[in-house]
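Note that the structure is a prediction, hence the values are computed from the model and not measured. Values below: all heavy atoms of this structure, side chains included; hydrogens, waters and symmetry mates excluded. Lettering follows sequence order; numbering is per chain, from 1.
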2 protein chains.
Amino acid sequence: MAAAKVGDEELLARIGDVFRRYGYEGASLRELSAASGLEKASLYHRFPGGKEEMALAIVARAGEWLEANVFAPLRDLPAAQRVPRAAGKLREFYRNGELWCTLDVLTLSGSSDAIRAAVRGSYQAWVGAFARAAREAGLPAPEARARAQQAIIEIEGSLVISRVTGDPKIFLRVLQSLPARLTRV
Amino acid sequence: MAAAKVGDEELLARIGDVFRRYGYEGASLRELSAASGLEKASLYHRFPGGKEEMALAIVARAGEWLEANVFAPLRDLPAAQRVPRAAGKLREFYRNGELWCTLDVLTLSGSSDAIRAAVRGSYQAWVGAFARAAREAGLPAPEARARAQQAIIEIEGSLVISRVTGDPKIFLRVLQSLPARLTRV
DNA sequence: GTCTATAGCTTGATAGAC
DNA sequence: GTCTATCAAGCTATAGAC
């Protein structure tokens, strides 16, 4: 088979940026093509299911990235480093608050049930990982789960407000509070 | 002039629902027409500036509604009733968490600078009203402002997570915590 | 003020050459 | 695997009758 002009990893990253800036309806194939450097027909060769398959792929990719870079360290690192490392990687994932979340931008009416189901799965994995970290920091299970959910609420909300105000510091401040939110007994 | 088939108030409410469910790009004139009961040409008679003018109008209308129903009571009611009343009206505004926020859905790339500027204005009025209430509850000004911003972050975030999970209780729980968040010294 | 009809463009998606 | 060319359908917006 002929060499791909752009690797799968790079391709997913580029179209992911478009979806996360424009939302599902707003992410046109023209934008996706421009951002990826591939013509529309080439995108269809990589994603025969079209735009929906692209969106599902970037949700899956985001899930893998978070698992490797955020959730795994949250399990495996020495306790004191866990949440600070997770916060640092989330900062990277959201580009200092200048790139938004699939939970937010892919769940408006207009995206398919399959996409919303995939996004819901991402959220559940995220809550699970945060709750586990909170439990292992000594919090009782129900409290740990509540803390996890609350932390994600604040991350999502701060991304929205950073977008509205154009001020990423609002998001960054929430990230800084993450260790206290998740582990302080 | 001939009688309008649907009043301005009702019209703005109906197209507002569409924008808040679908976002700016997703809110097609077909949906707006179906929801309003007016043909597309009639919508253009009411809003010569087209879809952008509709979005600006619903942002302005939301601002007026919040001023009358949330911000004014927050100034004028007896202190003990202020935040509970505001929370109740916010619950109404967001239809128990089943309708989302213009701050969120109208600010993705793809909506115009004018829309984003209008939405930013809404946010500033909201922070101002919450901060004033917090000050009048006895909190120092910087702390009051931080509390106001934090409360809005949690409302926006919980709307996102309620949408993702399909569970409005997440939003309702945040609203219940509003009095403590905004006024507890 | 609302309607039907339509213009002109953009969209998501496909066919087929290289 | 990528491309140019093309399609039908959807989009926003307008013209003009009633």
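- Remark on DNA chain C: of its neighbouring residues B:K5 and A:G49, the 5'-side contact belongs to B:K5, judged by nearest-heavy-atom nucleotide.
- Summarising the geometry, the separation between CG on B:L11 and C1' on C:dT2 is reported as 13 Å, rounded to the nearest angstrom.
- Heavy-atom contacts from other residues, nucleotides or ligands closer than 6.0 Å to CZ of A:R61 number more than 12.
- For the pair A:K51 and C:dG12, the criterion of a side-chain N or O lying under 4.0 Å from OP1 or OP2 is met.
- B:I155 CD1 to B:W126 CH2: the interatomic distance, rounded to the nearest 0.5 Å, is 4.5 Å.
- Rounded to a whole Å, the CE atom of A:M54 is 13 Å from the P atom of C:dT11.
- Comment: B:K5 does not engage B:E10 in a salt bridge, judged by the lack of any side-chain N to carboxylate O separation of less than 4.0 angstrom.
- The stretch residues 38-47 of chain A comes close to DNA chain D through A:L38, A:E39, A:A41, A:S42, A:H45, A:R46, each having a heavy atom under 4.0 Å from the strand.
- Taking the six-membered ring where tryptophan is involved, the planes of A:F171 and A:Y94 are perpendicular, since the angle between them exceeds 60° and thus also 30°.
- Under the rule for a side-chain contact (heavy atoms from CB on, under 4.5 Å), the partners of A:L99 that lie at least two apart in sequence or sit in another chain are A:D17, A:R20, A:R21, A:R95.
- Checked for salt-bridge contact, B:R75 and B:E136 miss the test: no charged N lies under 4.0 Å from a carboxylate O.
- Distance CZ/A:R116 to CG/A:L108: 9.0 Å, rounded to 0.5 Å.
- Within a 6.0 Å radius of CZ in B:R14, other residues, nucleotides and ligands contribute more than 12 heavy atoms.
- The stretch residues 19-30 of chain A has no heavy atom under 4.0 angstrom from DNA chain D at all.
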